[in-house]
Amino acid sequence: MTTNDAKPMTRQISVKTEKLTRRFGKFTAVDRVSIEVYQGEIFGFLGANGAGKTTMIRMLCGLLAPSEGSGSVAGYDIYRQSEAIKRRIGYMSQKFSLYDDLTISENIEFYGGVYGLSRALIRERKEALIRQVGLEAFADKLTRELPLGFKQRLALGCALLHDPPIIFLDEPTSGVDPEARRSFWDLIYQTVALGKTVFVTTHFMDEAEYCHRVSIMREGKLIALDTPAKLKQHYGKSNMQDVFVALVKE
Amino acid sequence: MPHSRLLSIARKEFLHIIRDPRTLMIIFIMPVIQLVMFGYALNMEIQRVDLAVVDYDRTLHSRRLVEQFQGSKFFHVFGYEGPLSEAEKLFLTRKARVILAIPADFGKTWQRSVSAPVQILVDASDPNAATIIRNYCNQVIQLFNQRYGGQIPLPFEVRSAIWFNPDMKSTYFFVPGILALLLVMISALLTSITISREKELGTMEQILVSPVRPYEIILGKVIPYVFLAFMDGALILLIGIFLFEVPFIGSLPLLALLTTLYIITALSLGLMISTIARTQQVAMMIAVIATLLPTVMLSGFIFPIASMPELLQWLSYIIPAKYYLVIVRGIMLKGNTISQLLNQVFFLGAMSLVLLTVSWRKFSVNLEK
């Protein structure tokens with residue numbers, strides 16, 4: 001495993017785990033994974049299907065209790081302070097999560113309401129979000145009428161509505177065309193520019209190149225963690241796809 | 001502002017309902033269809049039963065007996081001239097459902113002795129109807145005896161009076177039954193479907209990563225359905241009272257209160273189902289098996305519990321509608337007060353408590369998977 005020495009020590013840690021483990025019966029989905037994610041970075045989580053990415057994210061978001069190990073998100077303990085964590089994270093799952101039978105406006109109001117935002121704040125952020133995604137003319141249209149790319153950007157906007165410092169994205173771009181993926185990543189960069197931390201899982205290796213640092217999982221274990229440039233250099237490959245293939249076949 | 005979170009969920013759930021015409025159909029059209037079906041089409045009252053008279057006697061006495069039958073609204077009486085041995089063909093061709101055979105010596109025997117036998121043949125291919133027809137025949141004959149017999153004093157006489165539903169109208173029976181059925185269906189079926197739908201779509205996860213508490217999710221999701229169930233209950237009651245003229249003797253606030261208890265029981269059942277089912281289809285199947293069929297078959301809605309096999313009688317103890325039917329019939333038709341319904345209240349309350357505890361635990365455990 002290569003280590004990270006590119007980041008200055010003064011940077012704040014957003015997510016930290018130590019030997020975090022989750023077992024389902026005899027199967028170990030996540031096996032003693034230790035990571036540190038810094039504030040303001042895009043942290044990529046790579047791995048084949050079933051490598052443990054989603055299990056890892058679900059433990060960090062408080063959807064799943066770890067079996068062993070420790071972890072903190074935004075400085076709060078994942079075992080005991082999940083309420084505090086939930087207020088400070090945004091989450092968007094690979095399963096698409098807006099309601100098709102609600103209008104765009106109603107979807108945004110719902111997620112704002114679920115996070116307990118005031119009406120005035122919801123209205124203000126709703127307008128900003130609709131402008132940002134470029135859906136001014138469609139606010140009162142049903143969400144099912146939108147193309148998938150728009151829906152995904154809107155879902156990200158909903159996950160950011162309560163202005164969380166950390167955002168978890170679980171394969172957010174699966175199923176959309178390359179054009180829509182690029183505009184989604186534009187949005188991720190805008191988010192990071194605001195000082196937020198983005199924790200993203202993907203199986204698209206070109207997306208791995210967009211991340212500040214990536215970690216690679218195989219069969220529940222963390223097998224690499226560094227910047228894309230250093231990983232490529234270390235394994236003598238020209239792109240992340242080859243790095244990934246080399247590592248996973250190892 | 002914890003309440004605004006709950007209200008956001010309730011508001012969203014309400015939008016789902018009004019945007020989904022199928023759910024609305026189920027909620028508001030089904031009770032009307034069922035009421036009309038049960039109230040008119042599946043009428044259990046039997047009227048104008050074809051009665052063939054085979055009169056071998058042809059005396060004043062036999063004519064009086066026939067007139068007694070003709071005087072009843074229940075029978076449509078016509079004469080049959082052939083031999084009795086062929087009269088059964090009337091059953092085969094469905095021209096008659098009951099045959100009254102008066103023997104040739106009826107008049108003479110009547111004057112001479114204490115009892116003059118007549119024969120009544122009933123088509124029992126529909127056993128329930130046959131029982132009712134036989135009872136009516138006995139009543140007519142009893143009236144005849146009172147009118148023309150009279151001279152012989154009986155040691156005692158049984159006179160039955162039918163209370164609470166003197167005309168034996170079946171609408172009195174069905175309106176409370178449909179109320180019980182629809183409320184359990186909306187409360188259990190629709191809530192279990194709505195929760196499993198969120199799981200299926202992945203939106204449940206999206207809600208669970210927010211600071212919303214499980215009780216806010218559950219309450220927010222069920223409140224719109226409680227509201228709908230109440231509206232539906234009111235609709236059924238109004239149709240029952242004004243269209244089918246079912247009386248309402250007891251206290252409306254008491255009925256509303258105990259209906260709330262019943263709805264809570266059914267909702268707990270729905271919650272329980274949603275913890276087991278991962279998809280809407282599975283939820284629907286389990287809910288139909290757990291609510292629709294038992295409520296129709298085992299609650300006493302249509303078939304009296306007392307006439308069921310012992311095993312089914314035991315099973316009926318866990319059907320919430322069994323208790324609610326006693327409550328609705330008791331309040332509407334008999335004017336029962338709360339003190340006369342404590343047993344039912346206890347059972348519904350205990351059932352809700354058990355179901356809620358189990359499903360609450362299962363709900364929290366399910367978040368872990």
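Chain letters run A, B, ... following the sequence lines, proteins first and then strands; every chain starts at 1.
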Original post:
Which atoms of A:Phe168 come close to chain B, meaning under 4.5 Å heavy atom to heavy atom: side chain ones, backbone ones, both, or neither?
Top reply: neither

Original post:
In terms of the angle between their ring planes, are A:Phe24 and A:Phe27 parallel, tilted or perpendicular, with boundaries placed at 30° and 60°?
Top reply: parallel

Original post:
Checking B:Ser210 side chain against B:Ile207 main chain: does a donor-acceptor pair fall under 3.5 Å?
Top reply: yes

Subject >> Residues A:Glu106, B:Arg11: salt bridge by 4.0 Å N-O rule >> reply: no

Original post:
Which atoms of B:Glu13 come close to chain A, meaning under 4.5 Å heavy atom to heavy atom: side chain ones, backbone ones, both, or neither?
Top reply: neither

Original post:
Between B:Arg19, B:Glu198, B:Arg213, which shows the greatest number of heavy-atom pairs under 4.5 Å with chain A?
Top reply: B:Arg19

Original post:
Within the distance-only criterion (no hydrogens, no angle test), does the side chain of B:Ser187 pair as donor or acceptor with the backbone N or O of B:Val184 below 3.5 angstrom?
Top reply: no

Original post:
Side chain, backbone, both or neither: which part of A:Ile85 has an atom under 4.5 Å from a heavy atom of chain B?
Top reply: neither

